[in-house]
Amino acid sequence: MSDPRGHSTEPSGEVTDGELNVKAIVYAGVGTVVVTLVSMLLVFWLFQGMRKLEDREDPKPSALPEAAEKLVPPSPRLEISPPENLKELREREATVLDAPAWIDQAQGKVRLPIDLALDVVARRGLSEAPPVEAAPAPVDAPAAPGTAPAAAESTASAPPAGGAH
């Protein structure tokens with residue numbers, strides 16, 4: 001086969017430089033190298049920033065032995081061993097919550113374990129609160145000259161806002 005210009009349209013086994021776009025291949029290669037270098041620089045910058053942040057938060061120990069000594073606060077030291085103190089506190093709390101004990105034996109008041117106390121309250125219910133005594137009326141200061149004493153009395157005897165439902 002041939003085209004009107006006399007060129008053969010059959011594929012030949014040879015490839016010529018005119019068929020390849022060398023300029024595009026070079027640009028793609030250079031672009032790949034540039035993107036790779038920029039990515040490497042960004043990752044390097046990121047790791048340097050992380051290293052500086054880590055050094056700021058956890059500085060390396062000093063080479064001087066005096067600087068490596070553990071500083072003891074001055075007396076009186078209120079807590080010498082916080083983990084042991086916390087363990088003792090938890091044990092005392094567990095004893096108070098889980099073991100019965102007399103509060104006032106003469107009046108018959110006893111402290112019950114928490115689970116038993118919850119059962120007792122669930123069966124009996126809560127007792128009603130004692131009635132609240134009415135507070136005495138506030139003592140008004142003597143009226144200043146030129147003010148009406150009736151206005152002060154009307155605000156003191158007014159019912160509370162919101163009303164009863």
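In what follows, every heavy atom counts, from backbone to side chain, and hydrogens, waters and symmetry copies are set aside. Remember, it's a predicted structure, so these values are computed and weren't measured experimentally.
Rounding to the nearest 0.5 Å gives a distance of 12.5 Å between CZ of Phe47 and CG of Leu42. If you take CG on Leu116 and CG on Asp98, they are separated by 11.5 Å, rounding to the nearest 0.5 Å. Summarising the geometry, atom CG belonging to Asp115 is positioned 6.5 Å from atom CG belonging to Asp119; distances are rounded to the nearest 0.5 Å.
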Could you go step by step and tell me if Arg56 and Leu53 meet the side chain to side chain contact (heavy atoms under 4.5 Å, CB included) rule? CA-CA 5 Å; Arg56 241 184 302 155; Leu53 180 65; 4.3 Å; yes
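Between Pro113 and Pro100, the shortest heavy-atom contact is CG-CD, 3.9 Å.
Shown here is Glu54, whose CD atom has no more than 12 heavy atoms of other residues, nucleotides or ligands within 6.0 Å.
Val38 and Val30 end up in the same hydrophobic cluster when Ile, Leu, Val, Met, Phe, Trp and Tyr side chains are linked at under 4.5 Å.
Each of Val120, Leu97, Val121 was checked for a side chain to side chain contact (heavy atoms under 4.5 Å, CB included) with Leu112, and the lone residue meeting it is Val120.
Electrostatic pairing of Arg90 and Glu93 counts as a salt bridge here, judged by a charged N lying under 4.0 Å from a carboxylate O.
Residues passing the salt bridge (charged side-chain N to carboxylate O under 4.0 Å, His left out) test with Glu91: none are found, sequence neighbours excluded.
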